[in-house]
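When a ligand or atom number is given, it counts from 1 through the structure's own listing order. Numbers here are sequence positions counted from 1. No hydrogens, no waters, no symmetry mates; every other heavy atom, side chains included, goes into these values.
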Amino acid sequence: MPSPKIVILGTGGTIAGQADASTQGVGYRAGQITVEGLIGAVPDLPQIAAGRTGAVLQAQQLAQIDSKDMDWSVWRSLLQAVSEGLADASVQALLITHGTDTLEETAWLLHAVLQPHKPVVLTCAMRPATSLQADGPQNLRDAVAVAAAGRAGVWVVAAGEVHAASEVLKVHPYRLNALRSYEGGPCACVEEGLVRWLVSEPVMQQAWTPEQLQALLARHDLPWVEVLQSGALQGRRAVHALLAAGVQGLVIEATGNATVHLDLQRALNAARSQGVKVWRSTRCLEGRPVGQGVVAENADDAIAARLAVAVDAQELDCVLLPPSKARVAMMLELARNS
Ligand code: SIN
């Protein structure tokens, strides 16, 4: 029987970045080194991949971009490649090399649409491959260890930590451990090639059906959703401009416990009556809106509940996702229902 495969999909990012000097940690060019080049920089990667099953690595370059420029065509190729890998019995796990800037959104996309029954692991770096402090090779080695460990789900591996797609956020523009799990901390640590899980296996939700996925992949773009912040002096003008331009959905990065400036709220109620979808999230960096009608009794329920929305007295739905993920979730919901 042929060996199972761990497929590594390259999309670019700082992990594949090059600078003119090894001392240069900013101002480099992201997305320069091929995925084969990244694999070649870790001497024992084939041994780590082999793990208990004897898996072999297979590389595929899907894109070569700075992830700040992520677009629907790259997301679509990624969804296609990952769903094909999930359906292929010879593929044990998939791994994606990605920039850190929009990693939390791509991870959410794959988690929300595919709910994979195999490991889908994203990894990245904060220093280019040419840096004295390059973190990409170790992150890739750790990510392959997570892929080989076999736990189903979408995982993000960086700085020795494993984060769930539903939780991970980029919280720092420079330091090596720039990613963080939203509130509860990482799901696992990777130590000398061994994965130490800190949480029990997640409960998967319903993935998109093959028909829904095909309809999604056939789209030329996702629906237009913008994030707007509520705060001091924040009123209706941005809403009016976006409505006039044809926006289809708005995620409000609301104050505190998902409260919205009265003037903005009036404009949002009007937007809703014109068929524009509006969700509130919170601009607080920690915690979730409380008392908004969503009850979560344990960690797994909490993850599930983040997909749920509740309606408040002003009829503005509240979603328990940070704004970056809420925006992707709304684009997907609008796409699924259109
Ligand atoms: C990117 O997101 O592609 C560049 C920044 C990074 O990877 O850290």
Side-chain angles (χ1 to χ4, degrees), residues 8-39 41-42 59-79 81-82 94-111 120-144 146 154-163 165 167-182 186 190 222 227 285 322-325 327-328 331:
I8 307 191
L9 305 167
T11 70
T14 295
I15 190 168
Q18 272 180 325
D20 294 332
S22 62
T23 48
Q24 204 179 331
V26 294
Y28 52 84
R29 296 167 304 283
Q32 303 294 313
I33 297 172
T34 63
V35 64
E36 284 89 355
L38 302 183
I39 293 170
V42 187
Q60 188 184 344
Q61 193 75 47
L62 265 193
Q64 194 59 295
I65 62 165
D66 185 318
S67 82
K68 75 178 173 57
D69 301 322
M70 182 56 71
D71 61 21
W72 176 231
S73 77
V74 177
W75 264 8
R76 200 166 41 187
S77 321
L78 201 50
L79 274 172
V82 174
L94 293 117
L95 196 155
I96 299 150
T97 57
H98 197 290
T100 58
D101 283 340
T102 57
L103 190 66
E104 66 207 49
E105 285 142 275
T106 300
W108 175 262
L109 172 87
L110 298 172
H111 166 78
V120 174
V121 185
L122 294 102
T123 195
C124 55
M126 287 300 290
R127 297 288 179 275
T130 45
S131 166
L132 285 174
Q133 240 189 337
D135 50 332
Q138 183 66 51
N139 286 348
L140 181 58
R141 189 174 187 269
D142 291 347
V144 169
V146 173
V154 179
W155 309 110
V156 174
V157 177
E161 294 180 334
V162 183
H163 305 276
E167 301 300 298
V168 68
L169 291 176
K170 182 171 180 178
V171 296
H172 200 282
Y174 182 73
R175 71 182 186 213
L176 297 184
N177 59 340
L179 302 182
R180 203 180 87 183
S181 281
Y182 194 44
V190 190
L222 286 183
V227 177
L285 300 180
S324 60
K325 292 182 202 288
R327 180 167 158 269
V328 180
M331 289 193 289

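In Cys124, neither the side chain nor the backbone holds a heavy atom less than 4.0 Å from any atom of ligand 1.
Ring geometry, Trp72 versus Trp75: the interplanar angle exceeds 60°, so the pair is classed perpendicular (tilted spans 30 to 60°).
Polar contact with ligand 1: present for Asp66 (N/O pair, distance under 3.5 Å). Considering backbone and side-chain N/O atoms, Lys68 never comes within less than 3.5 Å of an N/O atom of ligand 1.
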Enumerate, atom names and distances included, each donor-acceptor pair closer than 3.5 Å involving a side-chain atom of residues 59-66, sequence neighbours excluded.
residue, atom, partner, partner atom, Å
Gln61, OE1, Val35, N, 2.8
Gln61, NE2, Ala63, O, 2.8
Gln64, NE2, Ile33, O, 3.0
Asp66, OD1, Lys68, N, 3.1

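The CE atom of Met126 lies 9.0 Å from the OH atom of Tyr174; values are rounded to the nearest 0.5 Å.
With Ile96 as the fixed residue, the side chain to side chain contact (heavy atoms under 4.5 Å, CB included) test singles out one of Leu110, Ile8, Val121, Thr123: Leu110. Applying the side chain to side chain donor-acceptor pair (under 3.5 Å) test between Ser324 and each of Lys170, Glu104, Glu105 identifies Glu104 as the sole match.
Using a 4.0 angstrom heavy-atom cutoff, Gly17 does not count as in contact with ligand 1.
Screening residues 133-144 for salt bridge (Lys or Arg N to Asp or Glu O under 4.0 Å) gives Asp44-Arg141 as the qualifying pairs, with residues at least two apart or on separate chains.
Proximity to Ala125 (heavy-atom distance under 4.0 Å) selects the following atoms of ligand 1: 6 (C), 7 (O), 8 (O).
For atom 8 (O) of ligand 1, the nearest non-hydrogen atom of the protein is Thr100 OG1, 2.5 Å. At the shortest separation from atom 2 (O) of ligand 1 among protein heavy atoms lies Ser67 OG, 2.6 Å. For atom 5 (C) of ligand 1, the closest non-hydrogen atom of the protein is Thr14 OG1, 3.1 Å.
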